[in-house]
Amino acid sequence: RTHAAQDLLHRARDRPAVRYQHLLALGGAVLRHAACVFLHRGPAAHPVKALVFPAIALDQLAGAFIVPGLILLAVMTESIGNASFGIFFPKWSGTIYELLSAPVSTAEILLGYVGAATSKSVMIGLIILLTSTFFVPLHIEHPFWMLVFLLLTALTFCLFGFLLGIWATSWEKLQFVPLLVITPLTFLGGAFYSIDMLPAPWRTVTLFNPVVYLISGFRWSFFGKSDVDVVLSFSIILVMLVTCLALISWMIRTGWRMRH
């Protein structure tokens, strides 16, 4: 009982520090992307003029155009990081066996781990969207589909992050895919430019990047125009979502890299 009381006391003392860390992470993500929106305002906007509303002033075009890409960049990064750390830390600390021995289903495990990570990612995306309105004029053509694309993207990459957390056997592997795979794909996937600006050979190569379809579909919900077909973008997200769900279900059912 004494040990249990001391443990509860330590947790109570650590609670303010944990809350401060969460607020710091949330504020840092918002400030970084708000600064990026502010710095991209200016004459460099003319290459994307045909893709946004002509009523917006020229010096506002670039800032408005990159907002969807910035939101998805933050959402994808946060989704992978939060979900992968959430399941990897119990593996690393040796407490994963409590989860495996608990009478909970795969759906309940995903609801707890992936649901929490998805909630935080969507919250960050909406806060960045709200913050962007202070710097550039934004008009969302399809608000419902904007929320759908945002939620599906966050959920898909949280599932992908959860999958990475199970796959990783070290902290280095945990960071390898987000830093050296996902981030380059995002920057090369039209987050800050239209892929129609690329020469024909490179535009064709870019279409093999799945992130292109996510950003294009999300940008369509803002401006009503996209680089690729919206139905194709929506289909790509669903395929990625179902694939991650199937792989995670198999991993949890077989205990792959979770029991050793």
Side-chain angles (χ1 to χ4, degrees), residues 17-38 40 66-92 109-133 146-168 171-192 209-219 221-222 236-237 240-241 244-245 248:
V18 173
R19 290 175 183 170
Y20 174 76
Q21 290 175 355
H22 283 298
L23 289 175
L24 190 62
L26 186 64
V30 173
L31 289 176
R32 283 196 309 270
H33 293 86
C36 193
V37 171
F38 179 77
H40 276 78
I66 68 170
V67 167
L70 279 175
I71 293 174
L72 282 198
L73 175 61
V75 167
M76 288 187 287
T77 303
E78 291 292 327
S79 297
I80 294 176
N82 294 330
S84 60
F85 178 83
I87 190 62
F88 178 78
F89 188 79
K91 287 176 52 182
W92 177 77
I109 294 174
L110 292 179
L111 183 62
Y113 283 91
V114 177
T118 303
S119 300
K120 181 180 178 182
S121 299
V122 171
M123 187 184 305
I124 288 177
L126 293 177
I127 292 176
I128 293 174
L129 174 62
L130 178 63
T131 307
S132 301
T133 59
M146 185 274 292
L147 292 175
V148 170
F149 273 105
L150 179 64
L151 181 60
L152 286 179
T153 302
L155 179 59
T156 300
F157 278 83
C158 282
L159 288 170
F160 183 65
F162 190 84
L163 189 151
L164 287 178
I166 297 177
W167 165 80
W171 292 102
E172 290 76 16
K173 286 186 177 180
L174 192 67
Q175 298 297 325
F176 175 80
V177 174
L179 291 178
L180 299 181
V181 178
I182 300 300
T183 301
L185 287 179
T186 304
F187 279 100
L188 297 175
F192 305 113
N209 181 358
V211 178
V212 168
Y213 303 93
L214 309 185
I215 295 176
S216 178
F218 191 61
R219 184 170 283 133
S221 67
F222 279 77
I236 294 293
I237 297 179
M240 294 173 63
L241 177 65
C244 289
L245 272 176
I248 291 173

So do Leu72 and Thr186 actually touch side chain to side chain, heavy atoms under 4.5 Å?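 No, side chains not in contact.
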Does any non-hydrogen side-chain atom of Leu147 lie less than 4.5 Å from one of Val122?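 Side-chain contact under 4.5 Å: no.
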Shortest non-hydrogen contact from Met76 toward Phe157: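 Looking at all heavy atoms of both residues, the closest pair is SD-CZ, 3.3 Å.
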So how far is it from [X] [atom1] to [Y] [atom2], rounded to the nearest 0.5 Å?
{"X": "Thr183", "Y": "Leu188", "atom1": "OG1", "atom2": "CG", "answer": "10.5 Å"}
{"X": "Leu179", "Y": "Leu174", "atom1": "CG", "atom2": "CG", "answer": "9.5 Å"}
{"X": "Leu73", "Y": "Ile128", "atom1": "CG", "atom2": "CD1", "answer": "8.5 Å"}
{"X": "Ile182", "Y": "Ser79", "atom1": "CD1", "atom2": "OG", "answer": "11.0 Å"}
{"X": "Met240", "Y": "Thr153", "atom1": "CE", "atom2": "OG1", "answer": "8.5 Å"}
{"X": "Ile71", "Y": "Ile124", "atom1": "CD1", "atom2": "CD1", "answer": "12.0 Å"}

Candidate list Leu110, Leu111, Ile109, test side chain to side chain contact (heavy atoms under 4.5 Å, CB included), partner Tyr113, passing option: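 So, applying the side chain to side chain contact (heavy atoms under 4.5 Å, CB included) to Tyr113 and each of Leu110, Leu111, Ile109, only Ile109 qualifies.
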Option among Thr118, Leu164, Val114 that satisfies the side chain to side chain contact (heavy atoms under 4.5 Å, CB included) test with Leu159: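 Of the listed residues Thr118, Leu164, Val114, the side chain to side chain contact (heavy atoms under 4.5 Å, CB included) partner of Leu159 is Val114.
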Give me the ring orientation class for Phe187 and Phe192: parallel if the planes are under 30° apart, tilted from 30 to 60°, perpendicular past 60°.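 Tilted, since the angle between the ring planes falls between 30° and 60°.
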Okay, side chain of Lys120, backbone of Glu78: is any donor-acceptor separation there less than 3.5 Å?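 No, because the side chain of Lys120 does not come within donor-acceptor range (under 3.5 Å) of the backbone of Glu78.
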